[in-house]
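The structure's right below; bear with me while I get my questions together.
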Amino acid sequence: MKALLQNQVVRAITETLEIVNNTGQLSIGTIPSPIVEQPKRPEWGDFSCNVAMTLASTVRQSPLKVAGVLAENLGEKFPTLFKRIDVAPPGFLNITLHPMHWLEVLETIQDEGASYGTSQIGKGKRIVLEFVSANPTGPLHVGHGRGAALGQAMATLLATAGFSVSREFYINDAGRQLQLLGQSVYARYREYWGKDSSFPDDGYHGGYIHTLAESVAHTHGETLLEGSSNEAETVCAQEASEILLHDIQEDLSTFGVSFETWFSEKTLHAKGLVQSTLDELQERELVKEEDGAWWFCSSVFGDEKDRVVKKRDGTYTYLAADMAYHRDKLARGFNTLINIWGADHHGYIPRMEATVQAFGHSKESLRIVLVQMVSLLRGTQKIEMSKRAGEFVTLREVVEEVGSDAAKFFFLMRRADTHLDFDLELAKQQSSDNPVYYVQYAHARLASLFRVAHERGVCLPTIQDVDQTLLLREEELSLIKTLAQYPFVIEGSALAFEPHRVTFYLQELAAKLHAYYNKHRVLPPVDSAGKSKDGLPDGPLETNGKVASSERASVHDSLTPALTAARLALLRYVQTVLRNGLTVLGVSSPEKM
RNA sequence: GCGCCCGUAGCUCAGUUGGAUAGAGCAUCGGCCUUCUAAGCCGGUGGCCACAGGUUCGAAUCCUGUCGGGCGCACCA
């Protein structure tokens, strides 16, 4: 299998740097790894490289001169790869390949299919990706949905880049929040039976608490009214959290998000791992006793102050369990721990970084990805949500209204750390204004084209079957160059933990496809099929974008079976890449819309 | 008060390990369907990249300060 074109260019430049270094044309010393990218303007060639400018100061020559030397050597050494190499001020190398080389991209996609875009950069690295981790004290809301979509996409993305990824949901099924849930449900339970009740001040006010109370009333009758309220609250907490966790699992599953591991906080306590974690750190003087409480000396690792892990009343803080949990993750042999958190938890980062360091791992082995809030809009009208009153729009409601695909795509349209406006009306709209339909439609449109081709007895060829020279015009090359970028988008996106880059890429690819499709006929019109005479491989290439109907007719006249075949082959690979990208995002690729 | 994030077209946002003339969608204005899905395409309008300094061949991008917005600063989670 051939190396990706861009990597061939990188290698060529690297070899050239070595040559000019060895021959003394330039005294470079350590050869840098050159950065090659597709420039934004077509007149700057297929690839551009800025290595001459970065080297200028070390070789004590002007960037232009360095670029000149490199250009000359590159051209001499790789005449079959490069058609021309320009030097542009202030020192760019603008590289144009012999166009035929671009067709290799299509062969690569043909060979790799659904694997096109995968790489091995993450090979051998094991990542545990923790996300959602919502308390089982209420239904998932929209914010959780964003975290879920992001986590799922990131897991797929990292796996695509060769990492071994395990998705994990940490269940906070111990501690104060659960206790509050029990108290809240028990209060509603008493109300249900017409008894007096004391609702906790900071309890859960959502309407779903009533439903849970009714459920408890159904299974336990009035038996919880007598006896200690403590016990009754524990029963309520237990039963309510089980129901809620079940709902959470169901919602996530419906949303298309799954986990390898559901990790229960309770099991850490049950196995004594929370205490043993503290004991271990105490022996190493990273946990100390003071004022009747136990403190984690996180300030040793740069946190602004030490943190309580065991309260004066003998109970553990959330942090203590979380430390035990992260110790466990490290003990399971993961190299990198990625946690996706709501941005309001950012203040918690230093103490978790301190935690992994306390266990002898580098700060970098923990990577926290923060997710900002989601505002739901209906058109321009903002939907107000009040956490205090327990009024928020649930993930389930959103998915029921707009569907999983649209919801996921919208959640992945923005960088994680920026606030997201989610317009429910737009997400439902079936038009090009709606980005998810726009991209999916590109896929469905091609599927439809291939169906029609099939019905008319035109087979869907592979790149090896067609006259490839028919794909060498700028129109087709532009599409092919975009396809060539895909593996680099995946790689960059994975290394930066930024799935939104894939979303943007897909919109760009879909836009190019739609434009191409609109402009160029692929199948011959029904009545003249097979009768078209040979001629120029297309009509005059209009530059102002307007296609007069007379021109269209001439386009059809010149549509030969060979050209149809070549275009079908090209579009088949466009469809493959669209599908691969959508798959990374967890969004379906419909055959029909 | 201290810390973190953010400030790019009228709106929502890409672009931030420094690169060439800063991009896209929406909105707005004007065009394109007897043909493979118009759930589509083409064109116009629109910018002191919050502000002020600094670093250098080069800054939306890095540093410092100011202003504006969000979020944190528990023996809660």
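None of these values were measured; they are calculated from a predicted model.
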If you go through the side-chain atoms of T137(A), does one of them form a donor-acceptor pair with the base of rA77(B) closer than 3.5 Å?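 Answer no: no donor N or O sits under 3.5 Å from an acceptor.
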W44(A) stacking on rA20(B): centroids under 5.5 Å, ring planes under 30°? yes
Return yes if the base of rA20(B) and the side-chain atoms of N94(A) contain a donor-acceptor N/O pair under 3.5 Å, otherwise no. yes
Kindly indicate whether the side chain of H514(A) and the base of rC41(B) share any N or O donor-acceptor pair separated by less than 3.5 Å?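 No, no donor-acceptor pair under 3.5 Å.
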Is any side-chain N or O of R415(A) closer than 4.0 Å to OP1 or OP2 of rG15(B)?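 R415(A) to rG15(B) OP1/OP2: side-chain N or O found under 4.0 Å.
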In whole Å, what is the span from the NE2 atom of H346(A) to the C1' atom of rG3(B)? 8 Å
Between rG31(B) atom P and K519(A) atom NZ, what is the distance in whole Å?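 K519(A) atom NZ is separated from rG31(B) atom P by 21 Å.
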Does a side-chain N or O of Y438(A) approach OP1 or OP2 of rC26(B) to a distance below 4.0 Å, or not?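 No.
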For H520(A) and rC36(B), what is the distance between atoms NE2 and P respectively, to the nearest whole Å?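 In whole Å, rC36(B) P lies 18 Å from H520(A) NE2.
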Does any nucleotide pair with rU35(B) by Watson-Crick or G-U wobble geometry, both distances under 3.5 Å, and what is it? none
Taking atom types as they are modelled, is there a donor-acceptor pair under 3.5 Å from the base of rG72(B) to the side chain of H345(A)?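 Answer no: no donor N or O sits under 3.5 Å from an acceptor.
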If you measure from the Lys or Arg side-chain nitrogens to the Asp or Glu carboxylate oxygens, is any gap between R351(A) and D322(A) under 4.0 Å? no
Any T418(A) side-chain nitrogen or oxygen under 4.0 Å from OP1 or OP2 of rG7(B): no
For the residue pair W341(A) and H345(A), categorise the inter-ring angle as parallel (less than 30°), tilted (30 to 60°) or perpendicular (more than 60°). tilted
From CD1 of I95(A) over to C1' of rA20(B), roughly how many Å is that when rounded to an integer?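 Result: 15 Å.
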Whole angstrom is fine here: how far is it from NE2 in H443(A) over to P in rA39(B)?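 Computing the H443(A):NE2 to rA39(B):P distance gives 18 Å.
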Regarding R473(A) and E475(A), does a basic nitrogen lie under 4.0 Å from an acidic carboxylate oxygen?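 No, R473(A) and E475(A) are not salt-bridged.
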State the pairing partner of rU16(B); accept Watson-Crick or G-U wobble contacts with both distances under 3.5 Å, and report none otherwise.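 Result: none.
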Under 4.0 Å from OP1 or OP2 of rA20(B): is there any side-chain N or O of K40(A) that close?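 For rA20(B), OP1/OP2 do have a side-chain N/O of K40(A) under 4.0 Å.
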Of E37(A) and A174(A), the one whose closest RNA chain B nucleotide lies more 5':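 This one resolves to E37(A).
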In whole angstrom, give the distance that lies between atom CG of N434(A) and atom P of rA27(B).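 Checked: the CG to P distance equals 12 Å.
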Count the heavy atoms of every other residue, nucleotide or ligand shown that sit under 6.0 Å from CZ of R84(A), and state whether that count exceeds 12.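 Count not over threshold, so no.
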Mate of rC71(B) where both pairing distances stay under 3.5 Å, Watson-Crick or G-U: rG3(B)
In whole angstroms, how far is the C1' atom of rC41(B) from the OH atom of Y516(A)? 15 Å
With both distances under 3.5 angstrom, what nucleotide forms a Watson-Crick or G-U wobble pair with rC62(B)?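 The answer is rG54(B), by the H-bond criterion.
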With a non-hydrogen cut-off below 4.0 angstrom, is F92(A) in contact with a base, only sugar-phosphate, or nothing?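 Here F92(A) touches the bases of the nucleic acid.
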Report, as yes or no, whether the 6.0 Å neighbourhood of atom NE2 on H419(A) holds more than 12 heavy atoms from other residues, nucleotides or ligands. yes
Please measure how far the C1' atom in rC63(B) lies from the corresponding atom in rU16(B), and state the result in whole Å. 15 Å
For rG19(B), does the base pair up with any side-chain atom of N50(A) as donor and acceptor (N or O, under 3.5 Å, distance only)? yes
